[in-house]
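Have a look at the structure below, then the notes.
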Amino acid sequence: MSRKKFMIIPAVIVALNISAFSNISAEELTTEDILTTEYTNKVDGSTTKKELIKVLNDIEENPKVDEISDNSKIELVEDVFSNVDEDTVSEYQQDKLDEVSDILNHEVNIGEEYYKEEFVLSDGSSVELSSVDISEDEDEPSLIQPRSVSFGPYRNETKKYGDRRYTATVKLKSVGVTVATLNLGNHYSVGTYGLKMRYCSIGGTNGTVVSAVDASCNVTDSKAEKVGYDMNATGTYKITGYLNNGYVDLHSTIKLHSWNKTKKSVYVHQKYKYVD
């Protein structure tokens with residue numbers, strides 16, 4: 001799927017500056033006030049993309065940022081972006097979307113029921129990839145154990161006959177806060193017919209003021225009736241905001257690799273990737 005990338009800049013938030021504190025004593029200044037002043041004074045209309053990325057990295061690494069609330073962290077980042085020229089922000093957003101796409105396009109074989117891996121981007125933010133395949137009547141785990149692998153996710157597993165749910169998740173994080181979650185649920189069945197995709201879902205997908213998300217999904221191939229066949233679903237995510245801006249498409253594949261009719265089980269290959 002090919003889609004032109006675009007940019008939407010939210011309404012400008014007036015950044016705090018030193019003059020705002022001219023009549024406030026040092027004792028009255030909060031950590032949020034001090035951090036906002038420090039970092040908004042480091043950027044302006046002439047700030048380059050490289051300089052912006054450096055400021056964002058500094059925020060990510062500053063231990064004082066850990067002391068403020070998640071909402072305050074997001075507001076701090078938003079205030080920084082509001083002081084930067086729109087063209088610079090647009091250039092930054094496109095490069096970041098390309099970084100995310102590169103990560104989603106790498107694959108590695110894994111064979112665990114739960115999988116999670118996190119990757120740090122050039123601006124200090126991160127992308128967390130995870131996947132889980134469970135029986136349809138099970139609840140998804142609240143904690144997915146990390147795996148020591150380079151990239152993913154790509155799964156190879158045996159599945160017994162029955163209804164199952166394969167969920168692929170991408171989380172975009174900034175200053176330790178999840179600013180957007182992209183979910184693609186594949187609800188499928190295993191049986192005497194092979195594999196059948198019943199429907200897809202985007203439940204659990206959400207965003208924030210700095211990365212709003214509008215999502216939809218559709219099943220593009222609903223059956224894998226023979227060994228070697230696969231079925232697919234695609235999730236489309238429109239992200240708007242300072243930190244992430246543009247479209248991300250997640251394409252899932254569940255392939256029937258082998259079939260043991262005596263044991264009533266199949267061996268499947270599963271993966272999801274970014275599609276441009």
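Note that the coordinates shown come from a computational prediction; the quantities given were computed from them, not determined experimentally.
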### Task
Could you tell me whether Lys255 atom NZ has more than 12 heavy atoms of other residues or ligands within 6.0 Å of it?
no
### Task
Please list, chain by chain and in numerical order, all residues satisfying side chain to side chain donor-acceptor pair (under 3.5 Å) with Tyr199, sequence neighbours excluded.
His187
### Task
State plainly whether one hydrophobic cluster holds both Leu256 and Tyr267, where clusters connect Ile, Leu, Val, Met, Phe, Trp and Tyr through side-chain heavy atoms under 4.5 angstrom apart.
no
### Query
side chain to side chain contact (heavy atoms under 4.5 Å, CB included) with Thr253: which of Val268, Asp221, Asp230?
Asp230
### Full working for side-chain hydrogen bond (donor to acceptor under 3.5 Å, both in side chains) between Thr208 and Ser211
CA-CA 5 Å; Thr208 60; Ser211 291; 5.0 Å; no
### Query
Are the side chain of Glu51 and the backbone of Thr48 linked by a donor-acceptor contact shorter than 3.5 Å?
yes
### Task
Examine distances only and state if a side-chain atom of Asn156 and a backbone atom of Gln270 form a donor-acceptor pair shorter than 3.5 Å.
no
### Full working for salt bridge (Lys or Arg N to Asp or Glu O under 4.0 Å) between Asp163 and Arg198
CA-CA 9 Å; Asp163 294 340; Arg198 304 190 313 277; 3.6 Å; yes
### Message
side-chain contact (heavy atoms from CB on, under 4.5 Å) for Leu182 and Thr169? Distances and angles first, verdict last.
### Response
CA-CA 6 Å; Leu182 318 179; Thr169 300; over 6 Å; no
### Nearest atoms (heavy-atom pairs only) where Ser135 meets Arg165
O-NH1, 4.1 Å
#### Entry: Residue from Asp133, Asn186, Asp137 passing side chain to side chain donor-acceptor pair (under 3.5 Å) with Arg164
Asp133
### Query
Under 4.5 Å between any side-chain heavy atoms of Val80 and Leu52, yes or no?
yes
### Query
Side chains of Ser101 and Asp98: do they bring a donor and an acceptor to under 3.5 Å?
no
### Task
Please tell me if the side chains of Thr167 and Leu184 come closer than 4.5 Å, counting only heavy atoms from C-beta onward.
no
## Note on the structure
When rounded to the nearest 0.5 Å, the distance separating CG of Asn244 from CG of Leu121 is 8.5 Å
### Query
Can you tell me if Glu32 uses its side chain to pair, donor with acceptor, with the backbone of Glu75 under 3.5 Å?
no
### Message
Before you tell me yes or no, could you show the steps for Thr236 and Tyr247 under side-chain contact (heavy atoms from CB on, under 4.5 Å), namely the whole-Å CA-CA distance, both residues' side-chain angles and the distance that decides it to 0.1 Å?
### Response
CA-CA 7 Å; Thr236 300; Tyr247 279 93; 4.0 Å; yes
### Query
Side chains of Asp79 and Thr40: is there a donor and an acceptor less than 3.5 Å apart?
no
### Query
Out of curiosity, does Val177 fall in the hydrophobic cluster containing Ile59 (side-chain heavy atoms, cut-off under 4.5 Å, transitive links)?
yes
### Task
In sequence, state the C-alpha distance, the side-chain angles, and the governing distance for Lys196 and Tyr188, and then conclude on side-chain contact (heavy atoms from CB on, under 4.5 Å).
CA-CA 5 Å; Lys196 178 175 63 178; Tyr188 71 101; over 6 Å; no
#### Entry: For Tyr166 against Lys271, the heavy-atom pair lying closest together
OH-C, 3.4 Å
### Query
Are any of the side-chain heavy atoms of Tyr272 and His251 separated by less than 4.5 Å?
no
### Task
Decide yes or no for Lys173 and Ser126: does some side-chain heavy atom of the first lie under 4.5 Å from some side-chain heavy atom of the second?
yes
### Task
Would you check if Tyr161 and Lys159 make a side-chain contact, meaning some heavy-atom pair closer than 4.5 Å?
no
### Query
Do you know which of Thr36, Ile68, Val65 makes side chain to side chain contact (heavy atoms under 4.5 Å, CB included) with Thr31?
Ile68
### Task
Show your working on side-chain contact (heavy atoms from CB on, under 4.5 Å) between Val77 and Val175 and close with a plain yes or no.
CA-CA 9 Å; Val77 173; Val175 289; 4.3 Å; yes
### Message
Between Tyr92 and Phe81 (judged by ring centroids, cut-off 6.0 Å), do the two rings come close enough to count as a pair?
### Response
yes
### Same apolar cluster (I L V M F W Y, side chains within < 4.5 Å links), Val120/Leu97
no
## Note on the structure
Value for CG (Asp95) from CG (Asp123), rounded to nearest 0.5 Å, stands at 10.5 Å
### Task
Could you tell me which non-hydrogen atom of Cys217 sits nearest to which non-hydrogen atom of Ser201, and how far apart they are?
SG-N, 3.5 Å
### Query
Could Lys96 and Glu99 be called an ion pair, given the rule that one side-chain N must be under 4.0 Å from one carboxylate O?
no
### Task
Grab the two heavy atoms, one from Ser174 and one from Val179, that are nearest each other, plus how far apart they are.
CB-CG1, 4.2 Å
### Task
Check whether Phe119 and Tyr237 end up in the same hydrophobic cluster, where Ile, Leu, Val, Met, Phe, Trp and Tyr are linked by side-chain heavy atoms less than 4.5 Å apart.
yes
### Message
Within the structure provided, determine whether Ser125 and Leu56 are in side-chain contact (heavy-atom separation under 4.5 Å).
### Response
no
#### Entry: Minimum heavy-atom distance Gly204-Thr181, with the two atoms named
O-CG2, 3.7 Å
### Between Tyr39 and Asn62, a side-chain donor and acceptor under 3.5 Å
yes
### Task
Using a 4.5 Å cut-off on heavy atoms from C-beta on, say whether the side chain of Lys64 contacts that of Leu35.
yes
## Note on the structure
Note: Glu225 and Tyr229 closest approach over all heavy atoms is N-CD2, 4.0 Å
### Task
Taking the side chain as every heavy atom from C-beta outward, state whether Leu172 and Leu243 have any atom pair closer than 4.5 Å.
no
### Query
Do Thr205 and Asn183 have a side chain donor and acceptor closer than 3.5 Å?
no
